[in-house]
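First comes the structure, then the notes that go with it.
Hydrogens, waters and symmetry mates are skipped; everything else that's a heavy atom, side chains included, is used. From a predicted model like this one, the values you see are computed outputs, not experimental measurements.
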Amino acid sequence: MNKLANMRHWPERMSPNFGMSRSSMGMPQIMHQPKIAPQGPPPISNPQPPDAMIHYTFNVHFASDLAGPDTEDILHSTTDAVLRWTHPEDAPDDVPVWQLPVHTQNVENLRRRCEDLTNNPMPIEAHVNATTPKNGRNQIVTVTLSGTADCVYKTRETILNETPSLMRCTHVDVDGHLVADLTEGRLKPSVTAFLDEVSKFCGVDIFLLGPKLTPLEDGLNGGLSMRRDQRWRVAIYGDHISAEHAKSRVLIKIDQLLGRIVDAVQIDLSVQPLLCGRNRKNIKHIESATNTAIYFPPCFSHAYGYCPPGALRRNPDEVFITGETPEAISQAKTRIHQILTTIRLFVKDVTIAMPKIDSILLGRMDKVRKIMETNSVFIMLPPLASRQGTIRFQGPENLHVERAIRELMSLAGQFYHASWWINQPDPRLLPSAQEIRALLSDVCANSDADIAFDKVAFTLTGSDEAVKEALQVLSDIKFVTTVQHQIRVKIELANEHKEFVSGKKNGKINKIMSHCNVQIVFDNFGEYNFNIDVLAHNYTSMKEGLTLVEQEMPASISFHVPDQYHKRIIGIGGQHIQRIMKKHSVFVKFSNAMDRGGMGRDDDDSRVDNVICRTPARNAQNLELVKTEILEMVDREDSEITTQTVNVDRLYHRQLLARLPEIEVLEKKYNCKISFPSTEQASDEVTVQGPQWQVPMCADEFLGMVPDKHEVVLEHSEPLVKFLESPEFLQNIVPKLKSQHEVQVSVHENTEDRAADAAPTVTLLWAFTRNNAGGLRDAMDFLHSQFATAGIEPVVIKGAIPRPRSDTFEEALQYFDSKILQHVAAPVATDAPATPTFGEDLVRERSNIFDRLRKPGSMSLSFLDRRKNSSHSATNSFFKGSANVSKTSLISIESSRSFNADRNPWNDSGVNLPDDDNNPWGTSRVFEPNGLIHKLAIPMGGDSTPRHGTRHSGDSGRPSTSHSTNSGYPGPLSGPFR
């Protein structure tokens with residue numbers, strides 16, 4: 001995101017007579033003062049009467065690319081959820097996702113709704129058009145309304161607030177023993193009944209899914225590994241507000257299953273972000289001090305009017321609190337009350353163009369939520385399609401309110417407004433209403449821009465790329481181009497960039513106007529932004545002029561450099577920074593603590609981007625060069641700020657928050673910031689942000705606070721038990737494993753788990769911390785060598801780690817028919833934390849685990865086997881219903897503990913092995929159907945050299961772009977709102 005809003009005191013260098021400078025011969029003036037009449041043609045006004053007929057076409061965002069769950073993973077589903085999110089048996093194998101019954105039903109409901117609107121007494125016509133792009137991945141649904149302006153806008157508001165747009169799927173991880181009775185081998189009836197109740201109450205579809213493969217990132221070197229998560233998943237499908245409501249209820253239910261108490265407190269929605277503090281700092285301190293979990297409602301539920309039939313919305317003022325004891329909840333309420341009594345309110349209203357507000361509500365709400373969390377400011381957006389342009393900002397400090405306003409106004413600059421006016425149209429050449437509707441629908445479907453027509457002009461609104469694509473489509477229509485016309489594009493930009501874009505004495509703008517035969521007018525718009533109007537009499541001139549204007553718009557990059565280095569970088573009299581600026585044609589500005597609002601503020605301000613590099617978009621490739629040159633003058637320990645993400649079980653976050661003082665010491669030690677996700681997100685991802693040379697070490701030490709374990713089940717034998725009970729093992733081997741490999745091993749005799757020959761088993765429980773997971777394999781090899789020395793040959797039933805492939809040419813040996821080149825035996829299927837590949841072993845593992853959960857011949861199984869995946873799977877078996885769970889399979893899933901390591905134990909050295917570059921390693925827990933027991937093989941040589949994977953660098957702070965690869969304007973999101 002462009003973080004220029006954080007620079008509070010950027011100089012405004014516009015002189016009062018800036019608009020009075022002499023322009024080029026025959027070209028109009030660039031007007032900056034609204035009281036001075038512009039030269040050239042007068043501003044275009046809409047001559048139509050209030051009751052004139054207009055046509056308006058817009059997109060309905062159904063998220064038709066949202067696929068249903070894999071039928072092989074489903075253990076339970078709510079009423080009719082399978083019928084809506086899977087394909088019928090007779091569907092072809094290559095059926096696209098948008099033909100799922102849920103998506104086709106949404107389109108049919110919209111068609112019926114539009115037919116009812118057309119047949120009612122109101123003077124309005126509504127038509128639905130569904131098209132499929134060439135890639136065929138999703139379906140685009142457009143609605144065209146014809147009628148008076150008031151009726152059209154009211155009907156659009158009705159449709160958007162009665163349609164389940166912005167569909168999404170959200171997941172909640174849950175331990176299997178909480179939802180299933182493992183001793184009896186069935187799902188708990190209370191859990192399935194609760195899921196059915198939540199589905200009806202919130203209007204969503206819920207699936208209970210089995211474990212999945214999840215990536216893990218190494219704390220020190222950032223390398224990725226794969227493992228099968230032991231937790232089951234609750235998948236919730238619905239519109240984004242209803243899905244968040246159901247997700248909160250599922251999370252609270254999990255807390256209840258864990259023995260926690262639930263309570264609620266009423267807090268006004270407008271002060272909830274202020275209560276949380278910047279980056280939820282206040283709430284994290286409350287949760288850590290009281291060992292509670294606080295669940296806030298969605299902040300923007302008031303802006304969306306859709307509610308599923310028969311469902312209820314969550315009270316936006318109700319905040320749930322779960323805790324171990326009533327005293328802890330009472331203490332949390334007291335702390336919340338103390339914070340609320342000290343909050344000061346600063347309120348400010350800002351006006352934004354109404355179409356841009358709708359575009360933000362439909363595609364940029366994740367950005368708005370981030371602005372609210374970062375600045376601790378409540379942003380009250382008007383309801384969707386309500387034609388209201390006022391947004392209210394409410395924060396605890398005026399500085400934070402101003403920051404939030406500038407960031408949101410920068411977000412509004414990502415959207416363009418354009419008009420294509422037809423001068424003196426010939427009524428005989430005007431197309432019919434049906435042709436106009438087909439034209440508008442085609443333009444909207446191919447550009448994703450809203451378009452309106454009122455007999456004399458086309459009006460376009462949407463993202464920058466969408467508007468330009470729509471203009472290009474219109475330029476290919478003879479009816480539009482054969483008559484005299486005028487094109488106007490309106491670009492919104494921050495006031496501080498006026499002189500930057502226009503140049504000295506309007507030189508840049510005058511040159512563009514004379515070169516492209518366009519008119520450019522600067523129009524003041526509010527306190528923060530102004531509009532750049534680009535006018536032309538043909539599309540070619542408009543396209544060329546608009547491109548040149550965009551190339552002169554500012555592209556910027558911001559990053560953090562500690563204040564103590566600023567003088568060194570600037571140099572005596574600014575000689576160092578001036579040399580860099582002239583070399584790369586980039587303007588650089590520094591801001592210190594005083595510029596950011598004074599000393600003594602939050603610690604987060606110490607990591608705010610305080611260096612801005614700005615240049616025209618045509619020169620954006622030099623921004624990274626300037627940044628690199630500046631950071632070369634910074635010491636290694638304070639170098640570029642990067643971010644690394646580590647995965648920790650979300651329920652263990654509470655134990656980590658209880659150790660918040662230790663985490664704060666860790667942050668000060670490495671000058672890093674460790675951020676936990678919000679309670680409502682239910683995410684495992686913990687973010688470590690800081691200097692790029694300190695982040696890996698901070699993440700590694702942080703993972704040292706996270707315990708993990710791995711089980712190895714051996715067949716019971718007298719020599720083995722005697723050795724494990726001997727003083728040599730207890731007094732020498734166990735301490736040596738702890739001191740040399742940082743792994744603690746304990747022995748448990750298990751009389752319940754049986755091997756194939758019904759012999760009792762012995763379990764070796766290996767305990768370690770996540771940062772020392774790489775020592776597990778070496779520890780197991782050491783113990784096996786001690787077994788071999790004692791003459792013991794243990795039989796591994798579960799938990800063995802396979803030897804990695806030692807020769808990269810092993811796969812090629814099968815093509816050489818030679819007795820010298822022996823074929824390598826297939827790797828033994830083990831219950832290991834790491835495997836070289838995920839081929840047939842992984843497929844067989846999934847089949848074995850989930851097939852055991854389904855009893856053959858049951859009614860529900862035979863019916864649901866006829867459903868197909870939305871991912872084109874041809875043959876899948878499906879399970880639904882609590883009564884059809886296999887006892888053996890439930891026990892197998894729960895007992896097959898995977899290895900939760902964050903590090904590949906085979907690679908710790910920094911040497912990139914080619915065999916590992918493209919093959920992620922992960923868990924494999926295959927239970928052979930024939931009951932074979934594999935012996936623990938002794939590794940014979942081979943490449944056991946570990947390596948460090950390359951660390952993934954974080955975002956450097958460059959804002960995203962959409963209209964140009966060298967532009968400083970954020971681009972549209974690639975996907976639905978999340």
Worksheet item: Does His485 have its ring centroid less than 6.0 Å away from the ring centroid of Trp421?
Response: no
Worksheet item: Taking the six-membered ring for Trp, are Phe458 and Phe453 ring centroids under 6.0 Å apart?
Response: yes
Worksheet item: Between Asn619 (side chain) and Thr615 (backbone), is there a donor-acceptor pair under 3.5 Å?
Response: no
Discussion item. Would the distance check show the side chain of Asp349 and the main-chain N or O of Phe393 forming a donor-acceptor pair, the cut-off being under 3.5 Å?
Written reply: no
Discussion item. Does Met354, at its CE atom, have more than 12 non-hydrogen atoms belonging to other residues, nucleotides or ligands within less than 6.0 Å?
Written reply: yes
Practice prompt. Any chance you could measure Ser502, atom OG, to Ile532, atom CD1, to the nearest 0.5 Å?
Written response: 9.0 Å
Worksheet item: Backbone N or O of Gly305 within a donor-acceptor pair of the Asn161 side chain at under 3.5 Å?
Response: yes
Worksheet item: Which is it for Thr142 and Ser441 under the side-chain hydrogen bond (donor to acceptor under 3.5 Å, both in side chains) test, yes or no, and what are the steps along the way?
Response: CA-CA 6 Å; Thr142 61; Ser441 179; 2.9 Å; yes
Worksheet entry | N/O donor-acceptor pair under 3.5 Å between Asn506 side chain and Ile509 backbone | no
Discussion item. Quick one about His515 and Glu544 (side-chain donor to acceptor, distance below 3.5 Å, no hydrogens or angles considered), yes or no?
Written reply: yes
Practice prompt. Kindly confirm or rule out a cation-pi arrangement of Arg156 over Tyr56, judged by NZ or CZ under 6.0 Å from the six-membered ring centre and within 45° of its axis?
Written response: no
Worksheet item: Is the Tyr304 to His240 ring centre distance short of 6.0 Å?
Response: yes
Fill in: Arg313 vs Ile241, side-chain contact (heavy atoms from CB on, under 4.5 Å): CA-CA, chis, key distance, verdict
CA-CA 8 Å; Arg313 280 288 186 89; Ile241 298 296; 3.8 Å; yes
Worksheet item: Would you call Arg406-Glu527 a salt bridge at under 4.0 Å N-O?
Response: no
Fill in: Euclidean distance, Phe530 CZ relative to Phe522 CZ, rounded to 0.5 Å
5.0 Å
Fill in: Heavy-atom closest contact (Ile140 atom, Ala445 atom, distance)
CD1-O, 3.3 Å
Practice prompt. Check step by step if side-chain contact (heavy atoms from CB on, under 4.5 Å) holds for Asp239 and Leu166.
Written response: CA-CA 6 Å; Asp239 67 281; Leu166 304 178; over 6 Å; no
Discussion item. I'd like to know if the side chain of Gln272 reaches the main chain of Pro316, judged simply by a donor and an acceptor atom lying under 3.5 Å from each other, with no hydrogens or angles considered.
Written reply: yes
Practice prompt. Please report the shortest heavy-atom distance between Leu66 and Val97, naming the atom on each side.
Written response: O-CG1, 3.4 Å
Item to complete: Evaluate the ring planes of Phe300 and His302, with Trp represented by its six-membered ring, and classify them as parallel (under 30°), tilted (30 to 60°) or perpendicular (over 60°).
Response: tilted
Discussion item. Could you check whether any side-chain N or O of Ser447 sits under 3.5 Å from a backbone N or O of Val443, counting only pairs where one atom can act as donor and the other as acceptor?
Written reply: yes
Discussion item. Would you say that Ile352 contacts Met409 through its side chain, given a criterion of any heavy-atom pair below 4.5 Å between the two side chains?
Written reply: yes
Worksheet item: How close do Phe415 and Ser359 get, heavy atom to heavy atom, and via which atoms?
Response: CE2-CB, 3.4 Å
Item to complete: Take Glu680 and Arg280 through the test salt bridge (Lys or Arg N to Asp or Glu O under 4.0 Å) and record every step on the way to the result.
Response: CA-CA 12 Å; Glu680 304 86 23; Arg280 298 180 64 95; 3.4 Å; yes
Item to complete: Please assess Glu397 against Arg278 for the test salt bridge (Lys or Arg N to Asp or Glu O under 4.0 Å), listing each intermediate value before the final yes or no.
Response: CA-CA 11 Å; Glu397 294 186 22; Arg278 299 186 61 192; over 6 Å; no
Worksheet item: Charged N to carboxylate O under 4.0 angstrom, Arg618 versus Glu550?
Response: no
Item to complete: Assess whether atom NZ of Lys154 is packed by more than 12 heavy atoms of other residues, nucleotides or ligands within 6.0 Å.
Response: no
Fill in: Polar side-chain atom of Asn375 near backbone of Val377 as donor-acceptor pair, under 3.5 Å
no
Worksheet item: Between Asn510 and Met513, does a side-chain contact (heavy atoms from CB on, under 4.5 Å) hold up when you go through it step by step?
Response: CA-CA 5 Å; Asn510 290 338; Met513 291 193 298; 3.4 Å; yes
Discussion item. Just verifying a value: how many Å separate Ile391 CD1 and Leu408 CG, rounded to the nearest 0.5 Å?
Written reply: 5.0 Å
Worksheet item: At what distance, to the nearest 0.5 angstrom, does CD of Gln486 lie from NE2 of His537?
Response: 5.0 Å
Worksheet item: Under 6.0 Å from the CD atom of Gln484, do we count more than 12 heavy atoms belonging to anything else shown?
Response: no
Discussion item. Please check this pair: side chain of Thr57 against backbone of Leu145, looking for a donor-acceptor N/O pair closer than 3.5 Å.
Written reply: no
Worksheet, complete the sentence: Only one of Asp533, Asp523, Thr461 passes side-chain hydrogen bond (donor to acceptor under 3.5 Å, both in side chains) with Lys490, and that residue is Asp533
Worksheet item: Do Arg614's NZ or CZ and the ring of Phe587 fall within the cation-pi criteria of under 6.0 Å and 45°?
Response: no
Discussion item. Within the supplied structure, the quantity of interest is the number of heavy atoms (other residues, nucleotides, ligands) at a distance under 6.0 Å from Lys543 NZ; does it exceed 12?
Written reply: no
Item to complete: For residues Asn279 and Thr374, report the shortest heavy-atom separation together with the two atoms involved.
Response: OD1-CA, 3.7 Å
Worksheet entry | Where Glu157 and Leu384 come nearest, the two heavy atoms and their spacing | CG-O, 3.8 Å
Fill in: Heavy-atom pair with the smallest gap, counting every atom of Pro382 and Thr390
CD-O, 3.7 Å
Worksheet item: Among Asp450, Val489, Leu471, whose side-chain contact (heavy atoms from CB on, under 4.5 Å) with Leu460 holds?
Response: Leu471
Practice prompt. Look up atom CD1 in Ile477 and atom CG in Asp442, then write down how far apart they are to the nearest 0.5 Å.
Written response: 7.5 Å
Practice prompt. Using a strict 4.0 Å threshold on nitrogen-to-oxygen distance, state whether Glu407 and Lys370 make a salt bridge.
Written response: no
Worksheet item: Rounded to the nearest 0.5 Å, how far apart are CG of Asn59 and CG of Asp448?
Response: 4.5 Å
Worksheet entry | Ser64 side chain vs Gln139 backbone, donor-acceptor pair below 3.5 Å | yes
Worksheet item: Does Ser376 use its side chain to pair, donor to acceptor, with the backbone of Pro273 at less than 3.5 Å?
Response: yes
Item to complete: Could you go through the side-chain contact (heavy atoms from CB on, under 4.5 Å) check for Lys348 and Ile405 one step at a time?
Response: CA-CA 9 Å; Lys348 190 169 186 179; Ile405 292 175; 3.7 Å; yes
Fill in: Verdict with reasoning, Glu402 to His400, per side-chain hydrogen bond (donor to acceptor under 3.5 Å, both in side chains)
CA-CA 5 Å; Glu402 289 294 327; His400 297 160; over 6 Å; no
Discussion item. Testing Leu160, Ile159, Thr158 one by one against Glu162 for a side-chain contact (heavy atoms from CB on, under 4.5 Å), which residue passes?
Written reply: Thr158
Item to complete: Let me know which of Leu110, Val60, Asn106, Asn109 forms a side-chain contact (heavy atoms from CB on, under 4.5 Å) with Pro164.
Response: Asn106
Discussion item. Pair Lys498, Asn524 - check side-chain hydrogen bond (donor to acceptor under 3.5 Å, both in side chains), show working.
Written reply: CA-CA 10 Å; Lys498 281 183 181 179; Asn524 290 334; 2.8 Å; yes
Discussion item. Is the positively charged end of Lys356 above the ring of Tyr416, judged by distance under 6.0 angstrom from the centroid and angle within 45° of the axis?
Written reply: no
